[in-house]
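Residue numbers begin at 1 in each chain, while the letters A, B, ... track the order of the sequences. Hydrogens, waters and symmetry mates are skipped; everything else that's a heavy atom, side chains included, is used.
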Protein chains: 2
Amino acid sequence: MKKELVNTLRDFNRFYTTVLGVVNNHILESDYSLTEARIIYEVNEQEGITARAIKEKLQIDEGYMSRMVAKLVKQGAVKKKQSKEDKRIFALALTAKGRQIAADINRQSDEQVKNLVKHLDLKEREQLAGLIMQVKQLLEKGNAEK
Amino acid sequence: MKKELVNTLRDFNRFYTTVLGVVNNHILESDYSLTEARIIYEVNEQEGITARAIKEKLQIDEGYMSRMVAKLVKQGAVKKKQSKEDKRIFALALTAKGRQIAADINRQSDEQVKNLVKHLDLKEREQLAGLIMQVKQLLEKGNAEK
DNA sequence: TATAATACTTGCTTTTGTCAAGTATTATTT
DNA sequence: AAATAATACTTGACAAAAGCAAGTATTATA
């Protein structure tokens, strides 16, 4: 494989690690950790999703996941509903409060992302959107992520 | 600002958070944490760089940075050289062992990145390299990063 | 019916990161 | 020149985040 591509990608990964770090740190000035925010996002996206499914998608440790869900339930953001067919499984859903939190996090995420592209004009923004969609598509191609 | 772009970017950020998580976790199966690896990388790139400069570039807490450097010095990977003109400042450099470690981490990073694009043919790889360079360039434009 | 697998939980520990105060040195102000 | 502020880094105390392994309950399989 060409060394050049590898270096380009690694450079991009370093760059984007810092970008995400900055974006996420600002979001976290809300009271939710990045992982909590991601869990809330997933539950909001897909009501009834299980802890297991989220854990697999986000690559979170099982025990940690369990505690995070417990914490969110305790805080009243998430509710668990035990399946009748299989009592091991709990469907997760947001409470009204959880949806409010999700909305807050979304708003803050939006702001952060807007900040990221605030220096670009309309044309450049459209260009960027096109580029990242292509990047994602290429990377997903073989890796069979959602 | 158009909602669409914001959503596209946020989707990409979620996606890439997981990508980086996977890549980094594999690298960390070497004995160095992500932050240590990044510090070693920076010192390797720019011999004589200060803790302060790295801290600013990587957005690391000052106290944490100090401890990381101390740890790397203790492990024999990094050496500090006090400036004669300004005794507050220490120029950092890798030792021979540090360069070896950097080489190892580089090799593992290369492997991880190769794995990321292993399903792409040559044309797609070149395409990807072009895309991410453009993305980086656009995002850097106003943010005045390195 | 015993064994294995699945979904989740819990105890224990380590790693990672933050904050604030502290030291030493250099630059700036009065 | 002495006092004050700023800079570069360190240290202590603490908290948040994450990982690992063993454990419980339930369901599927041999």
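The cationic group of A/K136 does not satisfy the cation-pi geometry with B/F12, failing either the under 6.0 Å distance to the six-membered ring centre or the 45° limit from the ring axis.
Straight-line distance from the CG atom of A/L34 to the P atom of C/dT18: 13 Å, rounded to whole Å. Between the NZ atom of A/K84 and the P atom of D/dT26 there is a distance of 16 Å, given to the nearest Å. One can place CZ of B/R38 at 14 Å from P of C/dT16, the figure rounded to the nearest angstrom. What separates CZ of A/F90 from P of D/dT24 is a distance of 16 Å, to the nearest Å. The nearest whole Å value for the distance from the OH atom in B/Y32 to the P atom in C/dT14 is 20 Å. Atom CD in B/E56 sits roughly 11 Å away from atom C1' in D/dA8 (whole-Å rounding). Taking atom CD1 on A/I89 and atom P on C/dA5, their separation rounds to 18 Å, with Å as the unit. Atom CD1 in B/I49 sits roughly 13 Å away from atom P in D/dA8 (whole-Å rounding).
Residues A/K2 and B/R125 are not in side-chain contact: their nearest non-hydrogen atoms beyond the backbone lie 4.5 Å or more apart.
Counting only heavy atoms from C-beta on, B/S33 has its side chain closest to C/dT16 among C/dC8, D/dC9, C/dT16.
Across all strands shown, A/E85 has heavy atoms under 4.0 Å from sugar-phosphate atoms exclusively, and none from any base.
Looking only at distances, a side-chain donor or acceptor of A/T95 sits under 3.5 Å from a matching main-chain atom of A/A77. Proximity of a side-chain donor or acceptor of A/N24 to a complementary backbone N or O of A/L20 within less than 3.5 Å is detected.
Look at A/T35 and you'll find a side-chain N or O under 4.0 angstrom from OP1 or OP2 of D/dA18. Between B/R88 and the phosphate of D/dT7, there is no side-chain N or O to OP1/OP2 separation shorter than 4.0 Å.
In the hydrophobic clustering of ILVMFWY residues, with side-chain heavy atoms under 4.5 Å counting as a link, A/Y41 and B/V19 come out apart.
Of the N and O atoms on the side chains of A/D104 and A/Y32, not one donor lies less than 3.5 Å from an acceptor on the other residue.
Interface residues of residues 63-81 of chain A facing DNA chain D, ordered by number: A/Y64, A/R67; criterion, heavy-atom separation under 4.0 Å.
Every residue two or more places apart in sequence or in another chain that forms a side chain to side chain contact (heavy atoms under 4.5 Å, CB included) with A/Q127 is listed here: A/E124, B/Q134, B/L138.
Mapping A/D61 and B/D61 onto DNA chain D by nearest heavy atom places B/D61 closer to the 5' end of the strand.
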